[in-house]
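Contents: one structure, followed by commentary.
The chain is numbered in sequence order, starting from 1. For clarity, every value in this text was computed on a predicted model and none was experimentally measured.
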Amino acid sequence: GQWRIKFASAGYVPVEGVVTIQGNATTNFDIVTMIPGSQTPSPISGRLINAFTNNAISTGLTVTIRPGINNTSGPVALDANNQPIAAITSASDGSYVIPNVPAGNYTIQVSGAGYATTYQTVISAGANSANQNIFVSPSLGADEVRIVLSWGAKPKDLDSHLEYGDSACRDGGTHCQVVWGRDISQRTRLSGDLTLDVDDVDGFGPETVTVKGSAWTQPRRGYSVFNYNTVNSSDPGSISTSGGVVKVFKSTGLVRSYVA
């Protein structure tokens, strides 16, 4: 079922959030940022990025803000003057700015023609309110699923891997998986029904995998994240402290989020 959770501590802005609990499964809640109650209102800003191309979205999309975490419906947030914050349209360079937002955790909804509706937790916390970029997936077909990985500045290079088939499976002489490797054929499998669309090596993401068609007939599909900096860096960082988030999109929009 669906539950509302509240986090409170003396001297900090309380945080409320919505979580859906599924049977026989571990439920991960989003990252909660406790912000001092003395923090003044700030503008929340960032850029809308196409998760399929990693380019800024030039088409104006509608950006709506609601109070709390994972709050995907109901009344919008109130500004510092206790007035409802009207939805805005993103600029031609993909940027968005929501002014005068009281300190706290919020859910932004991004929607518009040609793109799957997505939701992301943002914060109003002084200087930390800026550069809150949001990866938005282009619309998908009925049998398509898109997996979008994003994270923070460190580690710089997290890699998405999606394996299929059994342990003996080989495709073109290599293990049955889609991954950004030296062999370019590893980026597209199953005649284009399984693709790694975007690879990022300097932090934040996205790493994007699209699944469709014959990929669904495979006996197994397993998604994982690998910290490539453990191979090529003396200071690799950790996935557990990366702020990593995996979002799963279907034709209906965002359907699931997982937090590292």
Heavy-atom distance under 4.5 Å between the side chains of [X] and [Y], does that happen here?
| X | Y | value |
| --- | --- | --- |
| I57 | S90 | no |
| I123 | N128 | yes |
| Y164 | L190 | yes |
| W180 | Q186 | no |
| Y223 | V225 | yes |
| L158 | Y228 | no |
| V101 | I85 | yes |
| P206 | N54 | yes |

Does any N or O in the side chain of [X] come within less than 3.5 Å of the main-chain N or O of [Y], such that one atom is a donor and the other an acceptor?
| X | Y | value |
| --- | --- | --- |
| R47 | F135 | no |
| R189 | D171 | yes |
| T89 | T62 | no |
| T107 | G68 | yes |
| T195 | D197 | no |
| N70 | V18 | yes |
| S233 | T230 | no |

Under 4.5 Å between side-chain heavy atoms, hopping through other hydrophobics if needed: is there a path connecting [X] to [Y]?
| X | Y | answer |
| --- | --- | --- |
| V255 | V211 | yes |
| I35 | F7 | no |
| V76 | Y96 | no |
| V231 | V201 | no |
| V198 | L194 | no |

Full working for side chain to side chain contact (heavy atoms under 4.5 Å, CB included) between I65 and V63: CA-CA 7 Å; I65 186 168; V63 180; over 6 Å; no

So, are [X] and [Y] salt-bridged, with charged N and O less than 4.0 Å apart?
| X | Y | answer |
| --- | --- | --- |
| R220 | D166 | no |
| K156 | D202 | no |
| K250 | E144 | no |

Could you grab the distance from atom [atom1] of [X] to atom [atom2] of [Y], nearest 0.5 Å is fine?
| X | Y | atom1 | atom2 | value |
| --- | --- | --- | --- | --- |
| I21 | Q2 | CD1 | CD | 10.0 Å |
| Q218 | C176 | CD | SG | 7.5 Å |
| D157 | W151 | CG | CH2 | 6.5 Å |
| L48 | I134 | CG | CD1 | 5.5 Å |
| N50 | S137 | CG | OG | 7.5 Å |
| T208 | I49 | OG1 | CD1 | 11.5 Å |

Where do [X] and [Y] come nearest, in terms of heavy atoms and distance?
| X | Y | answer |
| --- | --- | --- |
| A260 | I239 | CB-O, 3.5 Å |
| L196 | V178 | N-CG2, 3.4 Å |
| N227 | P236 | ND2-O, 3.2 Å |
| S42 | A125 | OG-C, 4.4 Å |
| P155 | N229 | CB-OD1, 3.2 Å |
| V19 | I5 | CG1-CD1, 3.4 Å |

F204 meets the ring pair (Phe, Tyr, Trp, His ring centres under 6.0 Å) criterion, sequence neighbours left out, with none

Which is it for V145 and L140 under the side chain to side chain contact (heavy atoms under 4.5 Å, CB included) test, yes or no, and what are the steps along the way? CA-CA 7 Å; V145 167; L140 296 164; 5.8 Å; no

Between V245 and Y258, is the side chain to side chain contact (heavy atoms under 4.5 Å, CB included) condition met? List the steps. CA-CA 6 Å; V245 178; Y258 301 90; over 6 Å; no

Kindly indicate, with the supporting measurements, whether the criterion side-chain hydrogen bond (donor to acceptor under 3.5 Å, both in side chains) is fulfilled by D93 and S95. CA-CA 6 Å; D93 63 352; S95 62; 2.6 Å; yes

D235/K154 under salt bridge (Lys or Arg N to Asp or Glu O under 4.0 Å): CA gap, chis, key distance, verdict: CA-CA 9 Å; D235 184 21; K154 185 178 179 181; 2.6 Å; yes

One pair to check against side chain to side chain contact (heavy atoms under 4.5 Å, CB included): V97 and I88. What are the steps and the verdict? CA-CA 8 Å; V97 180; I88 63 168; 5.5 Å; no

side-chain hydrogen bond (donor to acceptor under 3.5 Å, both in side chains) evaluation trace for N82 with D79: CA-CA 5 Å; N82 209 36; D79 66 16; over 6 Å; no

When you check the side-chain N and O atoms of S191 and D193, is any donor under 3.5 Å from an acceptor? no

May I ask you to check whether over 12 heavy atoms, not counting those of N131, lie within 6.0 Å of atom CG? no

Any chance you could lay out the side-chain hydrogen bond (donor to acceptor under 3.5 Å, both in side chains) test for N71 and Y119, step after step, and finish with the verdict? CA-CA 9 Å; N71 185 8; Y119 303 90; over 6 Å; no

Please lay out, stage by stage, how Y106 and T121 fare under the test side-chain hydrogen bond (donor to acceptor under 3.5 Å, both in side chains). CA-CA 6 Å; Y106 296 87; T121 299; over 6 Å; no

